[in-house]
Amino acid sequence: MSRYTKEDIIRIVKEDDIEFIRMQFTDIFGTLKNVAITKSQIEKAVNNQIMIDGSSIEGFVRIHESDQYLYPDLDSFTVLPWRPQHGKVARLICDVYNPDGTPFVGDPRHVLRNQLERAAKMGYSFNVGPECEFFLFETTPDGKPTTRTGDDAAYFDLGPLDHGESTRREICLTLEQMGFEIEASHHEVAAGQHEIDFKYDEALRTADNIMTFKLAVKTLAQKNGLHATFMPKPIFGINGSGMHTNMSLFKDGKNIFFDEKDSRKLSKEAYSFIAGLLTHVRGMAAVTNPLVNSYKRLVPGYEAPCYLAWSASNRSALIRIPAARGQATRVELRCPDPTCNPYLALAVCLAAGLDGIEKGLTPPDEVTENIFAMDAKARAAHGILSLPGTLKEAIIAMEEDSLMKDVLGAHVYEHYIAGKEAEWDEFRTSVSDWEIGKYITSY
């Protein structure tokens, strides 16, 4: 059942002193975009009549086919609490459509919808709970970010060691004003690193929430003179930021990953879902871990998983099954990072899991040992492969996995790979500070 009708939104805008409405959408690389309209245009907005120039958006369309329309998801309507309370600003999250009224194939939200429809035909709904980590850094007098934290805290520490505590609390309270149910927030392992967890939801709403979460975190940090970054590995030698992704399938209101009779209380579908993820996780990596920098996090020694294994308890495994059972039974994929496009990342995760279920795949044996402590010979004996070691390797793995093109569609797939190839080439041909320090005096 919908929360809002068109009439509700028109009335609220008029009665609640809302002056601007941000019509938000996301490009294929996960960057949030928007068109701001005044309240005088709200009737056009809710009737899908706001137009954008798609040729200016990364991975959208060419110049001669540029006109596209924003179809707002009415249930996404909310006031942005950090904006002025007189002359308020609200937002609507939008799908992108072609002028002929068909969904635009390059819209990431559309890509996820396609996979959710596939799951629905199998009788499933897909629920996801993300664990989003980020750093809070000090800024220079002119507002530029540094990598200084001014923070002496470690895992689960609190003030006065945790200098970001008040900002993290403000973020939580602001998100609750926007309808989030915040389950936990705490200081993470590294200095200046934080995590805020919000309640799982249906996958499309979760992806929307991840985009809103990142906007709120960065906005409120800036308001408090800090810079928030979701960059996976901003500082060498300490833990990076991940986005552990907890997933479950429901059918007729019941969690189908739970089976009371199994020794681990996991169903056949849960095992096949795990097997599907392990089969396709290398091909998914360019989507779940999309930056050159993502692969600086996925190295041994910093709690980030880089080896393809699963376990009901072992945190060194790529896939972990948290202890909760019953309706809370879930599969946790630990490699994604928060720079991913959440719509595309959840789409490929779901598609991989469903592929495992459709084919009746079974996962390899559970690995209960600390994989980080194994040498290459021991990992080989267990049949444990690695995630791609660079963005380039991830692009190659993506091209070798035909499921990725099927999930993303030809348009997104081709533009995505072209963009990531360009990013890799830019990195590959750049001269880094490390190279200057290493070689300029020696040679």
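In this text, all values refer to a predicted model and were calculated from it rather than measured experimentally.
- Separation of the Phe29 and Tyr416 ring centroids falls under the 6.0 Å cut-off.
- In plain terms, the two heavy atoms of Ile395 and Ala286 that are nearest each other are N-CB, 4.3 Å.
- No side-chain donor from either of Asp107 and Tyr343 sits under 3.5 Å from a side-chain acceptor of the other.
- The side-chain heavy atoms of Tyr71 and Asn48, taken from C-beta on, include a pair separated by under 4.5 Å.
- The two residues Pro232 and Asn293 make their nearest non-hydrogen contact at CD-OD1, 3.3 Å.
- The distance from the OG atom of Ser76 to the CG atom of Asn209 is 10.5 Å, given to the nearest 0.5 Å.
- When all heavy atoms of Cys306 and Val299 are compared, the pair lying nearest together is SG-C, 4.0 Å.
- Put simply, the side chain of Gln193 gets close to the backbone of Gly240: a donor and an acceptor are under 3.5 Å apart.
- The main-chain N or O of Gly106 is never found under 3.5 Å from a side-chain atom of His110 such that the two would form a donor-acceptor pair.
- Exactly one of Leu387, Leu344, Leu403, Leu333 qualifies for a side-chain contact (heavy atoms from CB on, under 4.5 Å) with Met284. That residue is Leu333.
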> Hey, mind stepping through Glu426 and Val292 against side chain to side chain contact (heavy atoms under 4.5 Å, CB included) and telling me if it holds?
Replying inline: CA-CA 10 Å; Glu426 184 180 348; Val292 167; over 6 Å; no

> Which is it for Ser248 and Thr329 under the side chain to side chain contact (heavy atoms under 4.5 Å, CB included) test, yes or no, and what are the steps along the way?
Replying inline: CA-CA 7 Å; Ser248 58; Thr329 308; over 6 Å; no

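- Sorted by first and then second residue, the salt bridge (charged side-chain N to carboxylate O under 4.0 Å, His left out) pairs with a member in residues 113-133 read Asp95-Arg113, Arg118-Glu358; sequence neighbours excluded.
- The 12-atom threshold is exceeded at CD of Glu393, counting heavy atoms of other residues, nucleotides or ligands nearer than 6.0 Å.
- Using the six-membered ring where Trp is involved, Tyr4 and Phe77 have ring planes that are perpendicular, over 60° apart on the 30 and 60° scheme.
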>> If you apply the rule side chain to side chain contact (heavy atoms under 4.5 Å, CB included), what do you find for Glu366 with Ser311, and how did you get there?
In response: CA-CA 5 Å; Glu366 176 186 3; Ser311 174; 3.3 Å; yes

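- When side chains are defined from C-beta on, Ile182 does not count as touching Asp197, because their heavy atoms never get closer than 4.5 Å.
- The closest donor-acceptor contact from the side chain of Ser430 to the backbone of Ser432 lies at 3.5 Å or more, if one exists at all.
- When only modelled atom types and interatomic distance are considered, Asp201 and Thr206 share no side-chain donor-acceptor pair under 3.5 Å.
- The closest side-chain donor-acceptor pair between Thr5 and Asp8 falls under 3.5 angstrom.
- With Thr174 contributing its side chain and Glu170 its backbone, the two residues share a donor-acceptor pair below 3.5 Å.
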>> Please evaluate residues Phe25 and Asn34 with respect to the criterion side chain to side chain contact (heavy atoms under 4.5 Å, CB included), reporting the C-alpha separation (whole Å), side-chain torsions for both, the decisive distance (0.1 Å), and the verdict.
In response: CA-CA 6 Å; Phe25 58 99; Asn34 84 182; 5.6 Å; no

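- Arg428 has its side chain out of reach of Lys392: every pair of non-hydrogen atoms, C-beta onward, lies at least 4.5 Å apart.
- The closest side-chain heavy-atom distance from Ile321 to Trp310 is below 4.5 Å.
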>> Could you walk me through whether Lys251 and Glu269 satisfy the salt bridge (Lys or Arg N to Asp or Glu O under 4.0 Å) test, starting with their C-alpha distance in whole Å, then the side-chain angles of each, then the deciding distance to 0.1 Å, before giving a yes or no?
In response: CA-CA 11 Å; Lys251 190 172 190 176; Glu269 291 90 346; over 6 Å; no

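- No donor-acceptor pair closer than 3.5 Å links the side chain of Glu176 to the backbone N or O of Ile171.
- Within the 3.5 Å criterion, the main-chain N or O of Pro290 finds a donor-acceptor partner in the side chain of Lys420.
- A salt bridge links Arg109 to Asp73: at least one charged side-chain nitrogen sits closer than 4.0 Å to a carboxylate oxygen.
- Remark: the backbone N or O of Ile371 is not paired with any side-chain donor or acceptor of Glu369 at under 3.5 angstrom.
- Using bins of under 30°, 30° to 60° and over 60° for the plane-to-plane angle, the ring pair Trp424/Phe427 lands in the tilted bin.
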> Do Glu332 and Arg330 pass the salt bridge (Lys or Arg N to Asp or Glu O under 4.0 Å) test, and can you show the C-alpha distance, the side-chain angles, and the key distance before you say yes or no?
Replying inline: CA-CA 6 Å; Glu332 179 188 63; Arg330 59 196 185 271; over 6 Å; no

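- A ring-centre distance under 6.0 Å is not found for Tyr97 and Phe104.
- Atom CG of Asn224 has more than 12 neighbouring heavy atoms from other residues, nucleotides or ligands inside a 6.0 Å radius.
- Checked against salt bridge (Lys or Arg N to Asp or Glu O under 4.0 Å), Glu183 has no partners two or more places apart in sequence or in another chain.
- Thr31 places no side-chain N or O within 3.5 Å of a backbone atom of Asp27 that could act as its donor or acceptor partner.
- No hydrogens or angles considered: nothing links the side chains of Arg334 and Thr245 as a donor-acceptor pair under 3.5 Å.
- Within the model, atoms CG of Leu346 and CD of Glu202 stand 9.5 Å from one another, a figure rounded to the nearest 0.5 Å.
- With hydrogens and angles disregarded, a donor-acceptor distance shorter than 3.5 Å links the side chain of Arg282 to the backbone of Ser386.
- When side chains are defined from C-beta on, Met243 does not count as touching Asp337, because their heavy atoms never get closer than 4.5 Å.
- For the atom pair CG (Asp75) and CG (Leu204), the distance works out to 10.5 Å, reported to the nearest 0.5 Å.
- Put simply, OG1 on Thr219 and NZ on Lys214 are 13.0 Å apart, with the number rounded to the nearest 0.5 Å.
- Taking all atoms of both residues into account, the shortest heavy-atom contact from Leu278 to Ala309 is CD2-N, 4.0 Å.
- For the residue pair Val111 and Leu408, the shortest heavy atom distance occurs at CG2-O, 3.8 Å.
- Within the 4.5 Å cutoff, side-chain heavy atoms of Met247 are placed close to those of Cys349.
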>> Set out, in order, the CA-CA distance, both residues' side-chain angles and the distance that settles salt bridge (Lys or Arg N to Asp or Glu O under 4.0 Å) for Glu260 and Arg325, then state yes or no.
In response: CA-CA 9 Å; Glu260 180 69 43; Arg325 290 295 184 267; over 6 Å; no

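- No donor-acceptor distance shorter than 3.5 angstrom exists from the side chain of Thr288 to the backbone of Pro336, with no hydrogens or angles considered.
- Counting heavy atoms from C-beta outward, Phe213 and Phe134 have side chains that approach closer than 4.5 Å.
- Considering CG of Leu215 and CD of Gln24, their distance stands at 6.0 Å, rounded to 0.5 Å.
- The shortest non-hydrogen separation linking Gly283 to Met404 is O-CG, 3.4 Å.
- Considering CZ of Arg297 and OG of Ser241, their distance stands at 8.0 Å, rounded to 0.5 Å.
- A tilted orientation is assigned to the rings of Phe273 and Phe126, their planes being inclined by 30° to 60°.
- Ion pairing of Lys265 with Asp262 is absent here, as no side-chain N (NZ or NE/NH1/NH2) approaches a carboxylate O to less than 4.0 Å.
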>> Would Arg91 and Thr212 count as a side chain to side chain donor-acceptor pair (under 3.5 Å) here? Give the steps.
In response: CA-CA 10 Å; Arg91 75 93 198 270; Thr212 299; 2.7 Å; yes

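- You'll find the side chain of Asp53 stays beyond 4.5 Å of the side chain of Asp67, heavy atoms only.
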